[in-house]
Amino acid sequence: MHDFFLTDEDRAFRAEVRDFMARELGPRVDAIEKDQDFSAQLAVARALGEAGYLKVMFRDLYKGSLAKPGLTHAVIVSEEAAYLNYAFETTIATALSCAYPIHAHARPTLRERYLTPILEGRAVGSICMTEPNVGSDSAGMETRIRFDEKTREWVIDGFKRYISNASKADVYIVWGITDPDVAPQKGMTAILVPAGTPGLSFPRTYDFMGRRGSVVGEVTLENVRVPEENLLGEVNAGFRIMLGAFNFERVILGGSGLGVARSAFDLAREHAQTRESFGQKLGQKQLIWDMIAQMSWRIDAAELLTHRAAKMYDAGIDGKELMREASQTKLVATETAVFCSDRAVQILGGDGVTQQYGRVEQLYRDARALPIVGGTSEMCKYLIAAREMPAIRPNL
């Protein structure tokens with residue numbers, strides 16, 4: 001489609017990033033997917049940082065050629081990375097999701113210590129929200145954070161799971177309850193915890209059906225102590241930081257979904273135009289024609305929603321004012337990735353489920369996580385409905 005919300009400068013940036021990914025990420029995708037080589041991811045992240053691409057959403061830090069860098073361009077980076085390898089995109093998207101609240105809420109000394117290395121590609125970050133009883137609903141959060149007046153330290157005890165970059169990150173943002181006597185939304189705090197802090201451990205990493213090469217696992221915090229200055233924002237204001245991070249993450253996930261969907265679509269379209277079946281091209285058959293058409297319009301719809309939300313954010317719209325659009329972006333783009341990868345498998349037939357005949361089966365496995373991470377499709381629907389019907393509350 002003609003990307004209606006993008007400028008000529010944005011399109012030139014996309015072309016530049018696409019060339020970069022082909023050069024730096026393309027040769028390493030087999031090492032990431034087949035060998036699960038995290039060092040290959042770190043090498044590409046370092047190259048991204050050196051090129052300045054990880055700073056595009058931080059206008060005060062960016063020094064590249066874009067006149068008005070922003071989330072629009074971070075989404076483009078995400079999409080072009082996911083097009084080639086969603087596992088790598090997960091790693092850098094998580095690092096940026098960590099960088100976002102550090103940039104907005106950390107003290108200047110902490111920004112220099114932790115933010116700069118992430119944006120230069122020399123370090124990766126991680127965000128620790130999810131617990132065994134806490135996913136989209138934060139009300140059951142059991143991690144506890146208290147302040148030790150004698151040592152002037154924050155003390156953290158808790159357990160997190162499904163944490164991207166667990167054991168690999170250089171810094172972790174940990175959410176926990178500082179005031180258990182009020183609602184979690186009013187008693188939650190976010191703290192920076194550097195890797196190597198005593199009491200911080202990683203019991204295990206998970207084996208997923210897709211995103212091979214990304215590292216996702218568990219984080220245990222036992223009497224973890226960090227300096228007073230490691231507080232993000234204010235005490236008991238962590239929920240607001242979390243909400244802001246969700247908007248950012250969901251728009252970024254729009255780029256992730258688009259990248260996976262486009263990759264599946266391109267492979268299916270090529271196969272449909274070259275494969276001979278019953279004396280004619282496969283794509284000439286009406287049922288295949290229908291699949292291609294449905295993939296096409298879904299990708300266009302996802303692209304329009306994604307770029308709209310990113311442009312709104314870049315115009316200064318965030319918080320509850322962006323919640324509906326960010327949720328629509330995440331919902332449509334990630335469900336589109338699942339649809340397109342499924343139809344691509346169907347169009348390729350046996351070749352679509354066999355590793356020896358291309359990467360369609362990988363895209364199918366990778367895509368399935370997208371409607372779950374960063375807020376499920378169901379939660380996105382609740383958030384959309386909540387904005388459309390402000391007089392009532394959805395029954396979760």
Side-chain angles (χ1 to χ4, degrees), residues 1 3 6 9-57 62 64-66 69-97 99 118-122 124 164-165 210-214 251-267 269-270 299 302-303 306-307 310 333-334 336-337 340-341 344 358-360 362-363 366-367 369-370:
M1 67 170 287
D3 34 28
L6 299 188
E9 182 183 53
D10 298 335
R11 296 184 189 101
F13 179 77
R14 179 190 292 280
E16 179 183 318
V17 172
R18 186 170 294 175
D19 288 344
F20 173 91
M21 293 297 177
R23 183 174 65 252
E24 297 292 342
L25 178 57
R28 294 181 169 95
V29 294
D30 283 347
I32 296 170
E33 166 70 15
K34 296 178 181 179
D35 302 330
Q36 300 191 45
D37 182 359
F38 198 77
S39 66
Q41 295 202 50
L42 294 179
V44 184
R46 184 61 179 265
L48 269 173
E50 290 174 351
Y53 293 139
L54 297 179
K55 295 181 179 179
V56 291
M57 62 168 293
Y62 177 77
S65 59
L66 292 169
L71 184 54
T72 296
H73 305 98
V75 165
I76 289 172
V77 172
S78 175
E79 180 182 348
E80 295 303 326
Y83 183 90
L84 293 178
N85 185 267
Y86 178 40
F88 171 72
E89 190 279 334
T90 297
T91 299
I92 60 168
T94 301
L96 286 176
S97 294
I118 291 175
L119 299 185
E120 290 180 352
R122 297 184 286 110
V124 294
S164 293
N165 295 346
R211 297 190 300 173
R212 294 176 182 171
S214 62
V251 179
I252 284 286
L253 280 164
S256 310
L258 275 173
V260 173
R262 274 185 40 231
S263 190
F265 179 63
D266 286 350
L267 291 170
R269 181 172 55 181
E270 174 65 21
I299 290 173
E303 187 170 73
T306 300
H307 292 317
T334 59
T336 294
C340 289
S341 62
R359 57 190 294 266
V360 170
Q362 176 193 337
L363 290 167
D366 286 350
L370 280 161

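The figures that follow rest on heavy atoms only: side chains count, while hydrogens, waters and symmetry mates do not.
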What is the distance from atom [atom1] of [X] to atom [atom2] of [Y], rounded to the nearest 0.5 Å?
X	Y	atom1	atom2	result
Met21	Glu89	CE	CD	9.0 Å
Gln41	Leu48	CD	CG	11.0 Å
Leu71	Thr306	CG	OG1	10.0 Å
Ile118	Leu54	CD1	CG	9.5 Å
Met57	Leu119	CE	CG	9.0 Å
Glu50	Glu120	CD	CD	9.0 Å

ask   = side chain to side chain contact (heavy atoms under 4.5 Å, CB included) with Arg212: which of Gln36, Gln362, Lys34?
value = Gln36
ask   = Which one of Ser78, Ser164, Ser256 satisfies the side chain to side chain contact (heavy atoms under 4.5 Å, CB included) criterion with Thr90?
value =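 Testing each of Ser78, Ser164, Ser256 against Thr90, the sole residue satisfying side chain to side chain contact (heavy atoms under 4.5 Å, CB included) is Ser164.
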ask   = Which is it for Glu303 and Arg262 under the salt bridge (charged side-chain N to carboxylate O under 4.0 Å, His left out) test, yes or no, and what are the steps along the way?
value = CA-CA 10 Å; Glu303 187 170 73; Arg262 274 185 40 231; over 6 Å; no
Between [X] and [Y], which heavy-atom pair has the shortest distance, and what is it?
X	Y	answer
Ala45	Phe88	N-CE1, 3.8 Å
Val75	Ala310	CG2-CB, 4.3 Å
Gly213	Ala87	C-CB, 4.3 Å
Ala337	Ala261	CA-CB, 3.8 Å
Asp266	Tyr83	OD2-OH, 2.6 Å
Pro69	His73	CA-ND1, 3.6 Å

Indicate yes or no for a side-chain donor-acceptor contact from [X] to the backbone of [Y] under 3.5 Å, with no hydrogens or angles considered.
X	Y	result
Arg11	Leu6	yes
Asp366	Arg211	yes
Arg359	Leu84	yes
Ser263	Gly259	no

key: Glu16: partners by salt bridge (Lys or Arg N to Asp or Glu O under 4.0 Å), with sequence neighbours left out   = none
Counting C-beta onward and ignoring hydrogens, is there a side-chain heavy-atom pair between [X] and [Y] closer than 4.5 Å?
X	Y	answer
Leu42	Val124	yes
Ser97	Ile252	no
Leu267	Leu363	yes

inquiry  = Show, in sequence, the C-alpha distance, side-chain angles and deciding distance for Glu24 and Arg46, and conclude whether the salt bridge (charged side-chain N to carboxylate O under 4.0 Å, His left out) test is met.
reply    = CA-CA 10 Å; Glu24 297 292 342; Arg46 184 61 179 265; over 6 Å; no
inquiry  = With a 6.0 Å cut-off on the ring centroids, do Tyr53 and Phe13 count as close?
reply    =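 Yes, the ring centres sit under 6.0 Å apart.
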task = Walk me through it: do Asp30 and Asp35 pass the test side chain to side chain contact (heavy atoms under 4.5 Å, CB included)?
result = CA-CA 7 Å; Asp30 283 347; Asp35 302 330; over 6 Å; no
